[in-house]
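The sequence lines fix the lettering, A, B, ..., with proteins before strands; numbering per chain opens at 1.
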2 protein chains.
Amino acid sequence: MSEYRDAAGKRLVDYPRPSVAVDTAVLTVPVEDELSVLQVRDAVDGDWRLPGTFVHEGERLADAVLRSLQAKAGVTGLAPQQLQVFDDPARDSRGWVMSVGHLDVVPFSSLSRGLDESQVRLMPVAAATGMVHGHDDIVAVAAARLRAAYEVAPDPWGLVAEPFTMTELRRVHEAVAGRALLPDSFRRAMMPMLLAAEGKRAEGPGKPAGVWRRLTETHPR
Amino acid sequence: MSEYRDAAGKRLVDYPRPSVAVDTAVLTVPVEDELSVLQVRDAVDGDWRLPGTFVHEGERLADAVLRSLQAKAGVTGLAPQQLQVFDDPARDSRGWVMSVGHLDVVPFSSLSRGLDESQVRLMPVAAATGMVHGHDDIVAVAAARLRAAYEVAPDPWGLVAEPFTMTELRRVHEAVAGRALLPDSFRRAMMPMLLAAEGKRAEGPGKPAGVWRRLTETHPR
DNA sequence: CAAATAGTGTCTGTAAGACACTATCCC
DNA sequence: GGGATAGTGTCTTACAGACACTATTTG
């Protein structure tokens, strides 16, 4: 493996290399609430930040993300998506550190159990500012990526469980978009990408809503 | 700088770290031709590949890209845009290497001079396949990113020099899009983002064309 | 004049926004 | 029935595609 030598007779490890970290914006939509991001308390300075870790040798970035989420926030079963590299050599006082920002999405139902609230919290993305190391930017990029995905497909990250009513689907899309959506236009835009499911469902009074499943694939989990 | 110690009393450099490289898809539009990518000959195995280099200590990724383009292809004055990280630990036989893919765009006029054709060549993006280390993917992502940018703004990377005629602008957009565009629809879509310039220009017979400048900012160079 | 290129007028189909209307439940 | 929620009909506006037409040059 390390038999390689370059023209100067040196191995790769004979040159300076950066430490590589991953930091992840875990997004979710709490019930009847706005798009929020998971923050953890920094072990050193106690500030709120995004969960992250250094990448281990031979490890994929996505696996490092999953490991950090499990360790720092007790969250499992996700499918991280890479966003961008933060490469300012001066951004970390500990030395030469690059960080690869990631996006991950998790249904609120699988997140709400077992969080240590003194160490982990959910923050609306609009209010999650002031984090160090450019973590604010990761959240902004992650939210933009998520919004773009939700504009063209029904709940592509699987935030609502199938089967769902059109209103449930629209509430999640409204939370991601950060604004109200017209019920009739939304229904017409989504119907071609949905399959009618068996049964109906009523919350309180009113006509029971039909329930639906996705025709399009959901993001890998 | 390296005074930092973690809970185990270790410095960052006491842990394994990857080598980090940059590889760049330099795109251009040769006169009356299709969107093409710059390839260089690999110093070791002689295969055609994207220009790239290892990142030096304290260096920004964008600066490493510019350094590699200057050294490998004799190209200067660009503004690289980061695409994504290739992190498969087994992708490079020399050891643990991550590569950050980049996009850069350069007008053909500033590229056509002084290329050593045995070491550097332009290849239409559709034909630039079979490269190692996932370089084919970088080209695909770079072309997609460029196409998206050209769908909403007039020549945002400045491939044509101002002032230009509507036909010149359309030819470049057609090359980027990889298909013919309707002259009238194109004109109507672009006009609100253009400013009429002084003078006219005629190529051979026919009504002389009006010339234009961009109202929108061009990508930083 | 004809040929060639630049540019405009205008019709059509599609789709989003908006809003009124109908449908079906609980009480 | 009355209130509440689900779902549809349809008008308006905007815009891309399409194509015919006009405009201005060279030879």
Side-chain angles (χ1 to χ4, degrees), chain A residues 31-33 147-156 160-216, chain B residues 31-33 147-156 160-216:
Chain A
V31 192
E32 298 288 308
D33 203 354
R147 286 190 175 122
Y150 272 69
E151 276 179 12
V152 296
D155 187 28
V160 297
E162 292 184 321
F164 44 76
T165 68
M166 198 61 81
T167 301
E168 287 169 348
L169 183 65
R170 179 166 47 81
R171 293 239 190 281
V172 165
H173 277 251
E174 285 176 336
V176 170
R179 64 190 181 91
L181 301 175
L182 294 174
D184 46 5
S185 295
F186 180 80
R187 159 178 285 267
R188 270 184 267 258
M190 287 298 154
M191 282 229 347
M193 295 180 282
L194 296 175
L195 189 69
E198 288 292 308
K200 293 182 175 299
R201 197 183 314 162
E203 298 279 334
K207 179 175 174 176
V211 294
W212 305 83
R213 296 178 186 279
R214 298 174 195 87
L215 261 178
T216 50
Chain B
V31 190
E32 300 287 308
D33 202 354
R147 286 191 175 121
Y150 271 70
E151 276 179 12
V152 297
D155 187 28
V160 296
E162 293 183 322
F164 44 77
T165 68
M166 198 61 79
T167 300
E168 287 169 347
L169 182 65
R170 180 166 46 81
R171 292 238 189 282
V172 166
H173 277 251
E174 285 176 335
V176 171
R179 64 188 182 91
L181 301 175
L182 294 172
D184 45 4
S185 294
F186 180 80
R187 161 178 285 268
R188 271 184 267 256
M190 288 298 155
M191 282 228 347
M193 294 179 283
L194 295 175
L195 190 69
E198 288 291 309
K200 293 183 176 298
R201 196 185 313 164
E203 297 279 333
K207 180 176 174 176
V211 293
W212 305 84
R213 296 176 186 281
R214 299 175 195 86
L215 260 178
T216 50

Requested in this report: Calculate the interatomic distance between B/Phe164 atom CZ and C/dA6 atom P; express it in whole Å.
Outcome: 15 Å
Requested in this report: Sequence neighbours left out, what passes side chain to side chain donor-acceptor pair (under 3.5 Å) with B/Arg201? Give chain and number order.
Outcome: B/Glu168
Requested in this report: Would you indicate, yes or no, if D/dA6 has its OP1 or OP2 atom less than 4.0 angstrom from a side-chain nitrogen or oxygen of A/Thr165?
Outcome: no
Query - Qualifying residues under side chain to side chain contact (heavy atoms under 4.5 Å, CB included), relative to B/Ala177, sequence neighbours excluded - result: B/Arg179
Query - Separation of C/dG7 P from B/Arg201 CZ (nearest whole Å) - result: 11 Å
Query raised in the report: Could you give the CE-to-P distance, from B/Met166 to D/dA23, as a whole number of Å?
Result: 19 Å
Interface polar pairs with nucleotides 24-27 of chain C, N/O, under 3.5 angstrom:
from   : atom 1 : to       : atom 2 : distance (Å)
C/dT24 : O2     : A/Lys207 : N      : 3.1
C/dC25 : O2     : A/Gly206 : N      : 3.0

Side-chain polar contacts of residues 185-200 of chain B - donor-acceptor pairs under 3.5 angstrom, sequence neighbours left out - could you list them?
none

Report task. Go through the structure and list residues passing side chain to side chain contact (heavy atoms under 4.5 Å, CB included) with A/Glu162, not counting sequence neighbours. Result -> A/Phe164, A/Arg213, A/Arg214
Query raised in the report: How would nucleotides 12-18 of chain C be written as a contact map, 5' to 3', with B for base contact, S for sugar-phosphate-only contact and - for no contact, using protein heavy atoms under 4.0 Å?
Result: -----BB
Query raised in the report: D/dG9 P sits how many Å from A/Arg187 CZ, rounded?
Result: 11 Å
Requested in this report: State, to 0.1 Å, how close A/His173 and A/Leu181 come at their nearest heavy-atom pair, and which atoms those are.
Outcome: CB-CD1, 3.8 Å
Query raised in the report: Whole-Å distance between D/dA18 C1' and B/Phe186 CZ?
Result: 17 Å
